[in-house]
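Below, each value reflects all heavy atoms present in this structure, side chains not excepted, and no hydrogens, waters or symmetry copies. Note that the structure is predicted; figures quoted are calculated from it, not measured. The first residue of the sequence shown is numbered 1, and numbering continues consecutively from there.
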Amino acid sequence: MEEDAMKKIIESYLERGFGSMNKNDFEVYIFSWLIQKHSDYKKASDNEISRKLKIPESKIKRLRYEAELRYGNNDTDVLWQKLRNYLSIVNYRKEEDNVLRFSIPDKQVRLFLKDQLQKGHRFCDSSFSENIVVISIDDLLYLLDNGVVSKEEKAKIIQQVKSTYKGKDLPQSVSEAIKICASDAAEKLLSNVFNPATASWLVERVKDSMTSINK
């Protein structure tokens, strides 16, 4: 079985012309074949593959990214599908008020997410760790409202996020998220002047007034 697999790789390589690939090109080609065709590598994590191939995990990440760029499907619809899949299954963590943190190990998908936000002059942060995405609720909702996301998928993703809010309702739109951000900031400011209960009461009155105005 392994012999047949190697034979196919060599035959495919020879079709390109012997010596047509440099060392890195050949490594990317072999790696692409492994993660697409070999059962031991298809669903293995970067760390598992690193141990199997006896090379640093950082190199595995680079090879995976290059393999996806050269031999994967880079269509926008496909990348949206991958992004939707991640947003539907990741475990969201509340970083601070109205800011979420979650993991997307696929570099191509992570860069695609950043690109979609940048088109709306928005951003997310991965400076803490390359796999970690830190994003505001406002920007996540913008992504869901402006991307190829169905109502059902959006509802599923929002349900995933709700668990981080400890019983509070997640805002359903960008405008609602902005209102909540403003009210949270106001409550913090008022808490420096009044006791917490009074500050909270004042914010609720303001929110009620805003709701009445918007009706």
Between W80 and F112, does a ring pair (Phe, Tyr, Trp, His ring centres under 6.0 Å) hold up when you go through it step by step? CA-CA 8 Å; W80 264 117; F112 178 74; 5.5 Å; yes

Report the C-alpha separation of D138 and S136 in whole Å, then their side-chain angles, then the decisive distance to 0.1 Å, and conclude whether the side chain to side chain donor-acceptor pair (under 3.5 Å) test is met. CA-CA 5 Å; D138 180 21; S136 70; 5.0 Å; no

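- The pair K52-E48 does not count as a salt bridge, with every side-chain nitrogen at least 4.0 angstrom from each carboxylate oxygen.
- For Y92 (side chain) and L87 (main-chain N/O), a donor-acceptor pair under 3.5 Å exists by modelled atom type.
- Following chains of ILVMFWY side-chain contacts shorter than 4.5 Å, one can reach V148 starting from L141, so the two form part of one hydrophobic cluster.
- Side-chain N or O atoms of R70 include none that pairs as donor or acceptor with a backbone N or O of Y65 at under 3.5 Å.
- Side-chain N or O atoms of S126 include one that pairs as donor or acceptor with a backbone N or O of I132 at under 3.5 Å.
- With hydrogens and angles disregarded, no donor-acceptor distance shorter than 3.5 Å links the side chain of E66 to the backbone of L63.
- Proximity of F31 to R64: side-chain heavy atoms (C-beta onward) are separated by under 4.5 Å at one or more points.
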Tell me, with the steps shown, if E152 and K156 meet salt bridge (Lys or Arg N to Asp or Glu O under 4.0 Å). CA-CA 6 Å; E152 293 76 16; K156 184 178 180 181; over 6 Å; no

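- Looking at N22, its side chain does come within 3.5 Å of a backbone N or O of D25 through a donor-acceptor pair.
- Here CD of Q108 is found 11.5 Å from CG of D115. Values are rounded to the nearest 0.5 Å.
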Could you walk me through whether N24 and R62 pass the side chain to side chain donor-acceptor pair (under 3.5 Å) check? CA-CA 11 Å; N24 183 69; R62 179 184 63 77; 2.8 Å; yes

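- Taken from CG in L53 to CD in E27, the straight-line distance is 10.0 Å, to the nearest 0.5 Å.
- A distance of 9.0 Å separates CG of L83 from OG of S88, quoted to the nearest 0.5 Å.
- The side-chain hydrogen bond (donor to acceptor under 3.5 Å, both in side chains) check on E68 picks up nothing, with sequence neighbours excluded.
- Under the 4.0 Å criterion applied to side-chain N and carboxylate O atoms, D145 and K154 are assigned as salt-bridge partners.
- Atom NZ of K61 sits in a crowded spot, with more than 12 heavy atoms from other residues, nucleotides or ligands closer than 6.0 Å.
- A donor-acceptor contact shorter than 3.5 Å links the side chain of R110 to the backbone of I104.
- With 3.5 Å as the limit, one finds no donor-acceptor pair spanning the side chains of R122 and N146.
- The distance from atom CD of Q118 to atom CG of L113, rounded to the nearest 0.5 Å, is 10.0 Å.
- Checking side-chain atoms of Q160 against main-chain N and O of V90 turns up a donor-acceptor pair under 3.5 Å.
- Remark: the backbone N or O of L79 is not paired with any side-chain donor or acceptor of R84 at under 3.5 angstrom.
- Looking only at side-chain heavy atoms (C-beta outward), L143 and L117 come within less than 4.5 Å of each other.
- Side chain of N85 to backbone of Q81: a donor-acceptor contact under 3.5 angstrom is found.
- Here the side chain of S50 pairs a donor or acceptor atom with the backbone of I55 at under 3.5 angstrom.
- Looking at I135 and F123, their side chains never come closer than 4.5 Å, going by heavy atoms from C-beta outward.
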